[in-house]
Novice: 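Attaching a single structure in structure tokens format; questions to follow.
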Amino acid sequence: MDEDSDDIVAPKKVKRKPKPQGKKRKGSQLKPDDAAEDGGEEATASPRKKKRAPKLEPVYVIPDVEKRTTTFKGRLGYACLNTILRNKKPATDVVFCSRTCRLDTIKEKGIDFVKDLGVKNVEDLLTIIEWNEANNIRFMRISSDMFPFASHSLHGYPLDYCAPLLARVGELALKYNHRLTTHPGQYTQLGSPKKEVIAAAVRELKYHSEMLDLMGIDKDGVMIVHGGGVYGDKEAALERIKDTIANVLPQNVRDRLVLENDEICYSASDLLPICESLLIPLVFDYHHDALNPSLPRTEIISRANEIFRKRGIKPKQHLSEAREGAETLMEKRKHSARCKMLPEDLPDDMDLMIEAKDKEQAVLQLYRTYDLHPVIHGTVLVLVASSPSFNLTP
DNA sequence: TGTTGTCAAGCAGAG
DNA sequence: CTCTGCTTGACAACA
């Protein structure tokens, strides 16, 4: 689907998936799982090699991108996961920040096991930030899974045990002028009519705040959440959201909170009034706005940026694109692997989070498209052949 | 090593 | 009603 993939010369061995037509998986069936039609078929071509084949050197090719120009001067970032570091081989070398476990495992191994996962996640975050710096990326979203179950009603735990390590993350980010933000998940419902749901949302936000506070991150370290559900009455839900923000959230949590327009329930014009009245910034998401439009983009952006300005927070926005060939609303919600271009109305001085399956590769592609930063040959496309998106077909 | 089913949490929309 | 999608991934069990 993504032209990108077509250009890639994959590492020499491309394996065909066995395709065991066994049990029906409960997930979607619509992904024929082999999109390796990129010409990497020489895979099976060497059946008779007796000397144990030395590890094949992958062939890295940087495909051409269509060149474009921009006056954009902000940072581009990616969310949570670095595909190169996540897929390092051997498996013991992988670097990622979302180690987690099951509830059963907590019962089995105890909470200290879980807290150790958090330590490993934070250690790896240091590595990722170093990688980012080496590759001219200075903006990323921290995984909400950094500390598994930290906000859980029964198993939750404070993060102070990890304070020194978290402080190192903040110091490193500061050293590189690297912005770190968070995006608590879809279960974070500030406007639910159910008390327990709100309580869980507040715990989740407190956890994220605690993490950022212990890192010593400044006010640019925001936490982005959506409006959430409407429960059949949007006005009433908005009132509850407003009440939660104004009267329930502790000040340090509220200080980091920002709202984001979504593609189903709350458009930018739904959120702007409460954002403006509470001085909660609005993160504008171009993709969501395209699916759930309201006011003219330029108006949304200028009003949103005014809130950021008043709060002294560097503005940020989200960019993603729908999968190619998406027809229905549901299909269009899915993110594409890359972003082909920056939006028309993108202000120059702005941090832009790229939400794409290929993560940092999508950022690097935009770097190349617009000549924003040099891209190191070898970090591009190193593993695209095995990245999840590579197997996605439209 | 890879594959497969399942996993903390909430909601809305499609079929 | 069930399945899907959301920041979408990762664990666990087994081959």
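In what follows, every chain begins at residue 1, and chains take the letters A, B, ... in the order their sequences are listed.
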Novice: According to side-chain hydrogen bond (donor to acceptor under 3.5 Å, both in side chains), who are the partners of A:H152, at least two apart in sequence or on a separate chain?
Specialist: none

Novice: Does the side chain of A:V95 come within less than 4.5 Å of A:R86's, by heavy atoms?
Specialist: no

Novice: Rounding to a whole Å, what distance do you find between A:H155:NE2 and B:dA8:C1'?
Specialist: 9 Å

Novice: Which salt bridge (charged side-chain N to carboxylate O under 4.0 Å, His left out) pairs, counting each pair once, include a residue from residues 237-258 of chain A, with sequence neighbours left out?
Specialist: A:D213-A:R256

Novice: Residues in salt bridge (Lys or Arg N to Asp or Glu O under 4.0 Å) with A:D218, at least two apart?
Specialist: none

Novice: Mind running a 4.0 Å heavy-atom check of residues 182-211 of chain A against DNA chain C and sending the residues that fall below it, in number order?
Specialist: A:H183, A:P184, A:G185, A:Q186

Novice: A:D371 and A:Y367: side-chain donor and acceptor closer than 3.5 Å?
Specialist: no

Novice: If I pick the P atom on B:dA9 and the same atom on C:dA12, what distance separates them, to the nearest angstrom?
Specialist: 16 Å

Novice: Around A:E344, counting heavy atoms of other residues, nucleotides and ligands shown, do more than 12 lie under 6.0 Å from its CD?
Specialist: no

Novice: B:dC11 P sits how many Å from A:Y266 OH, rounded?
Specialist: 11 Å

Novice: For DNA chain C, write out the stems as range with range, using runs of 3 or more consecutive Watson-Crick or G-U pairs with both distances under 3.5 Å.
Specialist: B:1-7 with C:9-15, B:10-15 with C:1-6

Novice: Tell me whether the NZ or CZ atom of A:K115 lies within the 45° cone about the ring axis of A:F147 and under 6.0 Å from its centre.
Specialist: no

Novice: From NZ of A:K89 over to C1' of B:dT1, roughly how many Å is that when rounded to an integer?
Specialist: 9 Å

Novice: With salt bridge (charged side-chain N to carboxylate O under 4.0 Å, His left out) as the rule and sequence neighbours excluded, what pairs involving residues 298-318 of chain A come up?
Specialist: A:E276-A:R303, A:E299-A:R303, A:E306-A:R309, A:K314-A:D349

Novice: Can you check the A:E360 CD to C:dT7 P distance for me, whole Å?
Specialist: 19 Å

Novice: For the pair made of CE in A:M353 and C1' in C:dT7, what is the distance, rounded to whole Å?
Specialist: 10 Å

Novice: Report which part of the nucleic acid A:K332 touches: base, sugar-phosphate, or nothing (heavy-atom distance under 4.0 Å, all strands).
Specialist: nothing

Novice: Heavy atoms under 4.0 Å is the rule here; annotate nucleotides 10-15 of chain C 5' to 3' with B where the base is hit, S where only the sugar-phosphate is, and - elsewhere.
Specialist: BBS---

Novice: Side chains of A:Y266 and A:N292 only: does a donor on one sit below 3.5 Å from an acceptor on the other?
Specialist: no

Novice: Taking atom P in both B:dG10 and C:dA10, compute the distance separating them and give it to the nearest angstrom.
Specialist: 22 Å

Novice: Using the P atom on both, measure C:dT4 against B:dT6 and round to a whole Å.
Specialist: 13 Å

Novice: Residues from residues 222-240 of chain A sitting under 4.0 Å of DNA chain B, heavy atoms only?
Specialist: A:G229, A:V230, A:Y231

Novice: Who pairs with A:T181 by side-chain hydrogen bond (donor to acceptor under 3.5 Å, both in side chains), at least two apart in sequence or on another chain?
Specialist: none

Novice: Quick one: which residue pairs count as a salt bridge (charged side-chain N to carboxylate O under 4.0 Å, His left out) with a foot in residues 190-200 of chain A, not counting sequence neighbours?
Specialist: none

Novice: Let me know the distance between NZ of A:K88 and C1' of B:dT1, rounded to the nearest Å.
Specialist: 19 Å

Novice: Below 4.0 angstrom from OP1 or OP2 of C:dT7, is there any side-chain N or O of A:H288?
Specialist: yes

Novice: With P as the reference atom in both, quote the distance from C:dT7 to B:dT1 in angstrom, rounded to an integer.
Specialist: 33 Å

Novice: Just how far, in rounded Å, is P of C:dT7 from CD of A:E260?
Specialist: 6 Å

Novice: Would you mind listing every salt bridge (charged side-chain N to carboxylate O under 4.0 Å, His left out) that reaches into residues 122-151 of chain A, with sequence neighbours excluded?
Specialist: A:R99-A:D124, A:E133-A:R138, A:R141-A:E355

Novice: Using the ring of each side chain (for Trp, its six-membered ring), is A:H155 parallel, tilted or perpendicular to A:F149, with breaks at 30° and 60°?
Specialist: perpendicular

Novice: According to salt bridge (Lys or Arg N to Asp or Glu O under 4.0 Å), who are the partners of A:K89, at least two apart in sequence or on a separate chain?
Specialist: none

Novice: What is the distance, rounded to the nearest whole Å, between atom NZ of A:K334 and atom P of B:dG13?
Specialist: 19 Å

